[in-house]
Engineer: 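Before I ask anything, here is the structure I am working with.
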Amino acid sequence: MENINNVTNEELDFSYYLNIIFKRFWLIVGMVAVGLVAAVLVNIFMRPAYKATVLMMINQEDAGKIDATPYGSFTSEEDYYRTQYQLLTSRSLLEKVYHNMDLGQYEQFANPSGLKKLEKALSVEPITRSRLVNVSATTYDPKLSAEIANKLANTFVAENISNRIFMGQDVIAALENTERSPEEQELLNSMPQVVNSDFIKTLKQQAAQLAGQEAQLSAKYTSKHPELMSVHNQLEAINQQINTETRRLVQSIKIELSGQFSGNNIRVVDPAVTPEKPVRPRKLLNLAIGLLAGGLLGLMIVFVLEFLDQSVKSSEDLEEKLGLPFLGFVPYEKKGKKKEAEYATMLKEGNFLMAENVRNVRTMLDFALSDNHNAPILISSSLQGEGKSHLSSNLLVAMAQAGKKVLLVDGDLRRARVHKVFRLSTEKGLSNIWDADPQKADYAYNVQSVKDVPNLFVMTAGQRPPNPAELLNTPKLADFIAWATKNYDQVVIDCPAILPVSDTLLWGKYIPRSVFVIKYGKTNAKLAKIALDKLQKAGIKVLGAVIGHYKPEGLSYGKYGYYKSYSYYSEDKK
């Protein structure tokens, strides 16, 4: 059972968010259109850029060779390749390319910050699990892009050779000299290939033994002694062998170095060619980004507006923001071409959404008045123009149609409107009951019947008096209410808005029950709360609230899909 409730709550939440989206659907569509237009403008006005790419191969140098790693030793292959990628965009290399190609003459690379602009135009992209790397240049000129990419690659290869030669220049000088100085000879003798030669090591050991024997024999014999001469000749032969082997190794080193310089460990595999198509703008991608960004921006704006919206739009808003019972919706009706009365829909045959909702409010009000069905009620709102008179007139028509003898009193002596709704004269009305003339002050005299609605009677506000608050604050008002309650089954007072004036509170001294009207999407919850606090402090009980001027938006009718989806409430077409 708990799982079912959780699923239901998730579905309601999902429906709530969808309702927010569809409620302002055209705003989202508008933002998507703006994003699309922006993307089109970018595609039109963005200057085309062309990208040329050189494919290079970088082989790691052999650390065992005499000229290896001109930049020092590396702990791993990854370190070596990272170093090469950084060197490809080093400042010294870029300066050579920049000056050799005279790039300052081009607008894209003009000073100041010409080198920075060149650096931004270059990219180094290693190919995973290989020794290959793409070196690219992006400019507004396709030919220039290829030239820069090729120049950078070739300069890097040449720099690599130069660094290797620089590292071995002392060795090269010693190799090239036929008559070497003692220092150069010592340099060659100390080379790893010579020092580590096993053959030379053996010869040197033999030479050391013969030198020892020669020293011993020299102490006993003269230089002409046959045995001493034999050892001396053997020692000279071995030294000659050592020199011969050393020269052979030096020559092989020279040959090895020459071969490495010509081959190099870095080379260009595929030179850059002039690109035929620009890489920017990417028109389809820009259009997709524009659509997506517009949609996301539209959604963000919709939810921000919903978050900032303090208006009341649903029964949940009434309960959460105002703590009021929900009596029903009164839909917004567009006025037809003919000047029909505001209550015209209530008189038509058939099941109309407007009429059914007003009858629903009537029923809910009967339940709210269960302790006294004939008790008079006030109808008011927080501010002017929130639909009090519209609700009052249609609700009284519905009550009259139910067989009740009802009286609607326009209690707004400042901005009367009921007489316009029913097209009645203002010569008679509420303001007359304070008249000194007994005939004009007669209650029944100031009540007018509505011709097209049996059982419905109206007391308009009459002529506007100069002091409405003073009149309403007299005992005469209590006497009138007692008379009206005695002579009619239901008395409804269409009161002024609460916040601008205190007239409603004066009515509330004698009629302590009220219906509060909310204008859908317009009534501010904070202002409504202030108005309700005034009613509460005045001792007026709010029976509930009606949301008027409702406009179906989103996926449901105020989160009550029944009212919108059932064809029972669709208008009859005759």
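These values consider heavy atoms only, across backbone and side chains, with no hydrogens, waters or symmetry-generated copies. Since we're looking at a predicted model, the values are computed, not measured. Throughout, numbering of the chain's residues begins at 1 and tracks the sequence.
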Engineer: Can you tell me if CZ on F367 sees more than 12 non-hydrogen neighbours from other groups inside 6.0 Å?
Structural biologist: no

Engineer: List the steps and the verdict of side chain to side chain contact (heavy atoms under 4.5 Å, CB included) for M399 and R362.
Structural biologist: CA-CA 7 Å; M399 289 179 175; R362 180 190 64 190; 4.1 Å; yes

Engineer: Please work out which of the three classes, parallel, tilted or perpendicular, describes the rings of F480 and Y443, given edges at 30° and 60°.
Structural biologist: perpendicular

Engineer: Might you confirm whether atom NZ of K404 has over 12 heavy atoms from other residues, nucleotides or ligands at distances under 6.0 Å?
Structural biologist: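 Yes, enclosed.
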
Engineer: Counting only heavy atoms not in Q536, do more than 12 fall under 6.0 Å of its CD?
Structural biologist: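 Atom CD in Q536 is not crowded, with 12 or fewer foreign heavy atoms closer than 6.0 Å.
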
Engineer: Can you find a heavy atom in the side chain of Y98 that is under 4.5 Å from one in the side chain of N111?
Structural biologist: yes

Engineer: Can you tell me if CZ on R513 sees more than 12 non-hydrogen neighbours from other groups inside 6.0 Å?
Structural biologist: yes

Engineer: Please check this pair: side chain of T474 against backbone of E470, looking for a donor-acceptor N/O pair closer than 3.5 Å.
Structural biologist: no

Engineer: Could you go through N374 and Y488, starting from their C-alpha distance and side-chain angles, then the distance that decides it, and tell me whether this counts as side chain to side chain contact (heavy atoms under 4.5 Å, CB included)?
Structural biologist: CA-CA 8 Å; N374 296 327; Y488 295 92; over 6 Å; no

Engineer: Report the C-alpha distance between N473 and K509 in whole Å, list the side-chain angles of each, state the deciding distance to 0.1 Å, and finish with yes or no for side chain to side chain donor-acceptor pair (under 3.5 Å).
Structural biologist: CA-CA 9 Å; N473 201 21; K509 291 170 65 177; 2.9 Å; yes

Engineer: A cation-pi test, strictly: NZ or CZ of K428 under 6.0 Å from the centre of the six-membered ring of Y445 and no more than 45 degrees from its axis. Yes or no?
Structural biologist: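 Verdict for Y445: a cation-pi partner in K428.
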
Engineer: For the CD atom on Q105, are there more than 12 heavy atoms of other groups (residues, nucleotides or ligands in this structure) within a distance under 6.0 Å?
Structural biologist: yes

Engineer: Can you find a heavy atom in the side chain of V397 that is under 4.5 Å from one in the side chain of L456?
Structural biologist: yes

Engineer: Can you tell me how far apart CG (N286) and CG (L36) are? Round to the nearest 0.5 Å.
Structural biologist: 11.0 Å

Engineer: Report the distance from atom CG of L292 to atom CG of L287, rounding to the nearest 0.5 Å.
Structural biologist: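 L292 CG to L287 CG: 12.5 Å, rounded to 0.5 Å.
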
Engineer: If you look at every heavy atom in A528 and S382, which pair is closest and at what distance?
Structural biologist: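 Taking every non-hydrogen atom into account, CA-CB, 4.0 Å.
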
Engineer: Checking Q448 side chain against S425 main chain: does a donor-acceptor pair fall under 3.5 Å?
Structural biologist: yes

Engineer: Has the side chain of N432 got a donor or acceptor atom that lies under 3.5 Å from a matching backbone atom of Q439?
Structural biologist: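 Not a single qualifying donor-acceptor pair exists.
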
Engineer: Could you check whether any side-chain N or O of D503 sits under 3.5 Å from a backbone N or O of A469, counting only pairs where one atom can act as donor and the other as acceptor?
Structural biologist: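 Judged by distance alone, no pair lies under 3.5 Å.
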
Engineer: Mind checking the CG-CG spacing from L505 to L535? Nearest 0.5 Å is all I need.
Structural biologist: 6.5 Å

Engineer: For the backbone of Q463 and the side chain of S431, can you confirm whether one donor and one acceptor N or O come within less than 3.5 Å of each other?
Structural biologist: yes

Engineer: Please round to the nearest 0.5 Å and tell me the distance separating atom NZ of K519 and atom OG of S381.
Structural biologist: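 Between atom NZ of K519 and atom OG of S381 there are 10.0 Å.
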
Engineer: Tell me whether W507 contacts the main-chain N or O of L378 through its side chain, where contact means a donor paired with an acceptor under 3.5 Å.
Structural biologist: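 Such a contact is absent between W507 side chain and L378 backbone.
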
Engineer: Salt bridge check: are E306 and R24 linked by an N-O gap of less than 4.0 Å?
Structural biologist: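 Here E306 pairs with R24 in a salt bridge, since their nearest N and O are under 4.0 Å apart.
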
Engineer: Using modelled atom types and a 3.5 Å cut-off, is there a donor and acceptor pairing between side-chain atoms of D435 and backbone atoms of K440?
Structural biologist: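 No, because the side chain of D435 does not come within donor-acceptor range (under 3.5 Å) of the backbone of K440.
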
Engineer: Are there over 12 heavy-atom neighbours, none belonging to K321, within less than 6.0 Å of that residue's NZ?
Structural biologist: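 For K321, atom NZ is crowded (more than 12 foreign heavy atoms under 6.0 Å).
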
Engineer: Does N455 reach the main-chain N or O of K405 with its side chain, forming a donor-acceptor pair under 3.5 Å?
Structural biologist: no

Engineer: Measuring from D317:CG to L324:CG, what's the distance to the nearest 0.5 Å?
Structural biologist: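 So the CG of D317 and the CG of L324 are separated by 11.5 Å.
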
Engineer: Go through the steps for I377 and L543 under the test side chain to side chain contact (heavy atoms under 4.5 Å, CB included), then give the verdict.
Structural biologist: CA-CA 9 Å; I377 59 174; L543 301 174; 3.9 Å; yes

Engineer: With a 4.5 Å limit on heavy-atom distance, are the side chains of P500 and R414 in contact?
Structural biologist: no

Engineer: In terms of relative ring orientation, are F25 and F22 parallel, tilted or perpendicular, with 30° and 60° separating the classes?
Structural biologist: parallel

Engineer: Among residues at least two apart in sequence or on other chains, which ones pass side chain to side chain contact (heavy atoms under 4.5 Å, CB included) with K120?
Structural biologist: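 Counting only residues at least two positions away or on another chain, K120 forms no side chain to side chain contact (heavy atoms under 4.5 Å, CB included).
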
Engineer: Write down the atom of A545, the atom of I518, and the distance for their closest heavy-atom approach.
Structural biologist: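 Closest approach of A545 to I518: CB-CG1, 4.4 Å.
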
Engineer: Does K117 NZ have over 12 foreign heavy atoms under 6.0 Å away?
Structural biologist: yes

Engineer: What is the minimum heavy-atom distance between V421 and A341, and which atoms define it?
Structural biologist: O-CB, 4.2 Å

Engineer: Relative to each other, are the rings of F329 and Y550 parallel, tilted or perpendicular (30° and 60° limits)?
Structural biologist: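 The rings of F329 and Y550 sit tilted, inter-plane angle from 30° to 60°.
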
Engineer: Give, for atom CG of L383 and atom CG of N524, the distance between the pair rounded to the nearest 0.5 Å.
Structural biologist: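 Here the interatomic distance stands at 8.5 Å.
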
Engineer: Is it the case that the side chains of T139 and S145 hold a donor-acceptor pair, with the cut-off being a distance below 3.5 Å and no angle test?
Structural biologist: yes

Engineer: Heavy-atom distance under 4.5 Å between the side chains of N446 and L430, does that happen here?
Structural biologist: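 Contact flag for N446/L430 side chains = no.
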
Engineer: Looking at every non-hydrogen atom in both residues, tell me the closest pair between P465 and L471 and how far apart they are.
Structural biologist: CB-CD1, 3.6 Å

Engineer: I need the minimum non-hydrogen distance between A149 and V135, along with the two atoms involved.
Structural biologist: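 Looking at all heavy atoms of both residues, the closest pair is CB-O, 4.2 Å.
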
Engineer: Is the shortest heavy-atom distance from the side chain of T504 to the side chain of K534 under 4.5 Å?
Structural biologist: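 Not in contact.
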
Engineer: Short question: side chain of N357, backbone of L353 - any donor-acceptor pair under 3.5 Å?
Structural biologist: yes

Engineer: So, do E119 and L94 sit near enough that their side-chain heavy atoms are less than 4.5 Å apart?
Structural biologist: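 Result yes, sub-4.5 Å side-chain heavy-atom pair found.
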
Engineer: Please report the closest heavy-atom contact between Q490 and A375, naming both atoms and the distance.
Structural biologist: NE2-O, 2.7 Å

Engineer: Give a yes or no on whether L284 atom CG has more than 12 heavy-atom contacts from other residues, nucleotides or ligands under 6.0 Å away.
Structural biologist: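 Count not over threshold, so no.
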
Engineer: Just wondering, do N134 and I127 contact through their side chains at under 4.5 Å, heavy atoms?
Structural biologist: yes

Engineer: Flag the pair L395 / L365 as yes when at least one side-chain heavy-atom distance between them is below 4.5 Å, and no otherwise.
Structural biologist: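 Contact flag for L395/L365 side chains = yes.
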
Engineer: Between D494 and S389, does any side-chain donor sit less than 3.5 Å from a side-chain acceptor?
Structural biologist: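 The criterion, which ignores hydrogens and geometry beyond distance, is satisfied for S389 and D494.
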
Engineer: For a side chain to side chain contact (heavy atoms under 4.5 Å, CB included) check, start with the C-alpha distance between I481 and I493, then their side-chain angles and the critical distance, and finish with the verdict.
Structural biologist: CA-CA 10 Å; I481 294 171; I493 313 298; 5.7 Å; no

